[in-house]
Amino acid sequence: MGRNRDVQEPRISLQALRVLNAFVADVNQELAGADVARVSGLASGTLYPILLRFEAAGWLKSHWENLEPSEVGRPRRRLYRLTTAGAVRASEILSEFASRVLA
Amino acid sequence: MSWIDISVGIAVALVSDELLGWVDRLAKWLVRRNARRAPKHIADRLEEEWLAHLASAPGKISWLLFAIDCRRAAYVLSHQEHLSHVSPLVPLFVRLLDLFLTLLTLACLLPIIMLIAIAIRVEGNGPIFCYEERVGCGGRLFYALTFRTTHVDRPNVVVKALGAQGRRFTMVGRLLVRLNLVQLPWLLNVLLGEMSLVGPIPLRPQYAHRLCSIFPGYELRHSVRPGITGFAQIHWYEDVAVDSRKMAELDLFFVRNYSVHLVAAVMFGTVRLAFREYFNKAA
């Protein structure tokens with residue numbers, strides 16, 4: 001997204017940890033923004049900047065769900081899933097956080 | 001239960017049903033509007049994504065809360081995109097300062113503005129304000145307001161035929177130009193959030209496009225709101241020999257070093273210049 005942020009590691013806040021936590025339960029699952037909001041308990045103002053920051057860093061990838069909005073009568077959802085690099089970093093970060101909390 | 005109670009009950013149910021129906025539209029309108037405030041290249045995506053999210057929210061109040069909070073998401077995304085090198089609190093503080101100073105200035109100048117508006121109306125047909133398309137923050141276009149200084153019913157051909165210099169300008173227009181008051185309505189653009197008191201000059205779209213193609217990285221100037229006064233403007237006022245390349249460098253310096261301190265320094269610089277000009281004229 002950001003022109004100069006592509007190679008930078010995204011900032012990890014407590015809210016960002018909750019977003020990562022929503023994905024690591026099953027690294028192959030695809031979640032829409034609403035699903036992540038429900039699991040993480042984050043409001044849209046916090047959630048979407050984090051999702052887009054992770055996507056820009058290459059930790060998440062996203063695509064539109066494969067359906068025609070006119071047929072289902074609602075807009076398409078954007079589905080996010082962890083990339084391989086994202087899954088590795090997410091489990092590293094979460095385990096580091098867990099070890100600090102338990103230490 | 002009397003028939004009055006039943007009627008009141010039905011009326012309340014109908015009104016609440018009507019209001020709840022409008023919440024749906026209001027929430028969608030807010031989501032669309034807030035998505036437009038995000039960086040241009042992701043605005044369409046966010047609009048569809050947020051509308052889908054909205055559709056899955058459980059109740060009408062959640063719809064509204066979600067839609068309102070999308071404004072925060074758009075602000076943070078826009079900030080990450082354009083001004084990630086400064087704290088998100090800086091543009092917020094500058095905006096509050098803009099609002100406070102603009103409201104104060106408008107309150108003080110209201111009699112003068114009313115007088116100018118009446119004078120323009122009395123002198124001839126035509127609107128009080130003119131508006132020109134300019135490039136704003138994030139590359140979004142807006143209309144910058146100025147007082148009308150020219151006759152609306154006197155085309156160029158007639159002006160040439162009349163021959164005398166300045167015939168195109170109205171009398172009030174000439175006075176406004178001399179007193180540097182033509183752009184006073186820019187304060188309304190500041191109030192609307194399209195401009196700031198301090199920022200780069202608001203450029204016409206074609207001119208901005210040309211400068212961006214000449215100077216690499218010049219798009220960065222659109223990371224902040226254009227201003228009534230600015231870092232480059234006060235330098236130009238000090239030395240009119242400053243060329244467009246130097247102006248571009250000054251604009252970029254301002255954006256790269258954007259801070260409350262720099263904004264305040266430009267404000268004081270402008271006031272100092274205005275006083276100097278006034279006393280030079282008086283002397």
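Other residues, nucleotides and ligands contribute over 12 non-hydrogen atoms within 6.0 Å of the CZ atom of R74(A). Enclosure of atom CZ in R245(B) is not indicated, since only 12 or fewer non-hydrogen atoms of other residues, nucleotides or ligands lie within 6.0 angstrom. Annotation: L141(B), atom CG; neighbour count of heavy atoms from other residues, nucleotides and ligands within 6.0 Å is above 12. Other residues, nucleotides and ligands contribute only 12 or fewer heavy atoms inside 6.0 Å of the NZ atom of K28(B). The neighbour count for R140(B) CZ, taken as heavy atoms of other residues, nucleotides or ligands under 6.0 Å away, is above 12. By the 6.0 Å contact criterion, CG on N28(A) is enclosed, its count of non-hydrogen atoms from other residues, nucleotides or ligands being greater than 12. A 6.0 Å sphere centred on NE2 of H209(B) holds no more than 12 heavy atoms belonging to other residues, nucleotides or ligands.
Summarising the geometry of T46(A) relative to D69(B), their closest heavy-atom pair is N-OD2, 4.4 Å, with the distance given to 0.1 Å. Heavy-atom minimum distance, A73(B) versus Y48(A): CB-CB, 4.4 Å.
Scanning residues 47-56 of chain B against chain A with a 4.5 Å non-hydrogen threshold yields E48(B), E49(B), W50(B), L51(B), A52(B), H53(B), S56(B), sorted by number.
When heavy atoms are compared at a cutoff of 4.5 Å, R45(B) approaches chain A by way of both its backbone and its side chain.
For chain B, the option among G45(A), P75(A), A34(A), P69(A) with the highest count of heavy-atom pairs below 4.5 Å is G45(A). Counting heavy-atom pairs under 4.5 Å between each of A32(A), A37(A), A43(A) and chain B puts A43(A) at the top.
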